[in-house]
Visitor: 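Right, I'll just put the structure down here and ask away after.
Remember, predicted model here, so these are calculated numbers, not experimental data. In what follows, chains are A, B, ... by sequence order, proteins preceding strands, each numbered from 1.
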Amino acid sequence: MSIKVRYFASLKESVGRSEDDLTITGLLTVNEVWNLTNLGKPLPENILAAVNMEYVEFDNIVKDGDEVAFFPPVTGG
Amino acid sequence: MSIKVRYFASLKESVGRSEDDLTITGLLTVNEVWNLTNLGKPLPENILAAVNMEYVEFDNIVKDGDEVAFFPPVTGG
Amino acid sequence: MTIKISAEAFDPYQEIQAYQNAKTGNIGAIGATSIFIGTMRDFNEGAAVKGMTLEYYPGMTEKQLKKIITEAQQQWPIIDSLVIHRVGDILPNETIVLVAVWSSHRGDAFDASRYIMEALKSKAPFWKKEHLVTENERWLAHNTNGYKPR
Amino acid sequence: MTIKISAEAFDPYQEIQAYQNAKTGNIGAIGATSIFIGTMRDFNEGAAVKGMTLEYYPGMTEKQLKKIITEAQQQWPIIDSLVIHRVGDILPNETIVLVAVWSSHRGDAFDASRYIMEALKSKAPFWKKEHLVTENERWLAHNTNGYKPR
């Protein structure tokens with residue numbers, strides 16, 4: 001299955017890119033998506049995750065075609 | 001001593017005038033000012049009083065030259 | 001702190017813009033502006049309303065408004081504030097009151113503007129007489145508490 | 001309900017006036033307008049700031065804002081609302097966010113506008129990077145809770 005992975009703000013700068021395209025087989029959690037795309041790099045503290053533009057927990061299961069996003073706490077307004 | 005008495009809004013309409021000039025001798029409370037200027041007429045419910053444009057209780061003592069005002073609850077804003 | 005009693009209809013947004021444009025010091029410290037605008041409705045307490053007359057107590061009204069805003073300034077770090085209240089004959093959809101509070105932080109601006117509005121409604125000597133569509137007139141008896149859920 | 005993300009500087013008062021002028025129905029029912037305007041300060045967390053870049057997540061940001069306003073509509077009787085949030089490069093004194101809520105009664109307008117602001121600050125995906133006068137840059141780490149006394 002194919003998953004788009006996106007990074008924003010300070011996390012985008014620390015991972016050094018704004019997105020990944022991940023192609024794998026089998027079920028995956030959001031946490032496993034991070035581990036596959038950022039091999040060996042621990043998830044920075046406080047990072048939030050969204051799937052298809054809704055906030056999710058890291059044990060959320062990802063489906064084919066989903067867009068997964070990782071970003072730091074929001075600071076708008 | 002000389003005291004200016006003022007009425008506002010629905011109270012002005014019910015007493016039928018906007019002000020009285022009261023000249024008396026001796027100490028007076030706000031309540032007595034009402035009784036002297038509105039002989040026999042009981043103070044309508046909820047009426048508020050001010051002396052020199054500050055809210056006061058009805059047992060407040062009035063001095064020479066004071067302006068005493070009576071009015072219903074405020075409804076601005 | 002600026003307080004105005006206006007016998008003429010006013011546009012609250014033009015008033016705020018003009019007030020802000022005339023400001024000089026402290027501009028860069030402003031992070032939050034909280035504004036409340038009260039507007040005349042065409043229906044109130046079960047009746048269609050075609051107009052309203054707002055009476056006030058010249059002198060005492062300004063004095064009480066100043067006192068209210070000073071109390072707000074003592075409770076919250078306010079950079080500036082503008083309060084304009086309409087008096088005289090008013091039509092539906094016209095502005096009755098404008099309260100604007102400028103502060104560095106949003107919590108202070110929200111708290112202070114709401115405090116000023118609630119205190120104004122309970123303490124500033126203004127009285128509304130409604131002119132109903134039925135040609136009847138009525139004085140409003142009291143204001144409600146805007147902090148409580150209705 | 002109208003939500004806008006703006007890459008250009010905007011005047012909040014002109015935006016509200018234009019929005020109100022375009023309104024048709026329900027005008028006479030509006031008794032209360034509560035407006036919050038967030039403005040960029042020139043000093044934050046101990047440092048002089050000369051500019052800021054606001055990043056967002058196109059699609060998710062609008063989706064989350066819509067969700068927040070819908071939640072507010074479920075809690076309070078809102079007649080209309082307008083939210084505009086700036087993105088891109090911003091200078092001190094420019095408007096970052098505008099929240100306007102129109103309602104019949106002031107308590108609802110105050111509560112709803114504040115709810116929208118607090119939810120926006122905790123849930124809408126925007127990120128601020130400050131450009132300091134010292135030429136350093138820094139991402140803001142988190143927003144504070146605007147309901148709590150500081």
Visitor: Among Met40(D), Lys121(D), Met117(D), who wins on heavy-atom pairs under 4.5 Å with chain C?
Guide: Lys121(D)
Visitor: With heavy-atom distances below 4.5 Å as the criterion, would you say the side chains of Ile84(D) and Val97(D) are in contact?
Guide: no
Visitor: Taking Gln20(D) for the side chain and Gln17(D) for the main chain, is one N or O donor matched with an acceptor at less than 3.5 Å?
Guide: no
Visitor: Among Phe110(C), Phe43(C), Trp76(C), which residue forms the greatest number of heavy-atom pairs with chain D at distances under 4.5 Å?
Guide: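 So the answer, after comparing Phe110(C), Phe43(C), Trp76(C), is Phe110(C).
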Visitor: Go through the atoms of Thr95(D) and report whether side chain, backbone, both or neither lie under 4.5 Å from a heavy atom of chain C.
Guide: neither
Visitor: Check whether any side-chain N or O of Arg114(C) sits under 3.5 Å from a backbone N or O of Gly146(C) as a donor-acceptor pair, and report yes or no.
Guide: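 Yes; judged by distance alone, with no hydrogens or angles, the pair exists.
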Visitor: Hey, are the side chains of Ser104(C) and Ile30(C) touching, using non-hydrogen atoms and a 4.5 Å cut-off?
Guide: no
Visitor: Quick one: what part of Asp111(D) sits under 4.5 Å from any heavy atom of chain C, side chain, backbone, both or neither?
Guide: both
Visitor: Any side-chain donor-acceptor pair under 3.5 Å between Ser6(C) and His85(C)?
Guide: no
Visitor: If you count heavy-atom pairs under 4.5 Å between each of Pro12(D), Pro92(D), Ala32(D), Ala109(D) and chain C, which one has the most?
Guide: Ala32(D)
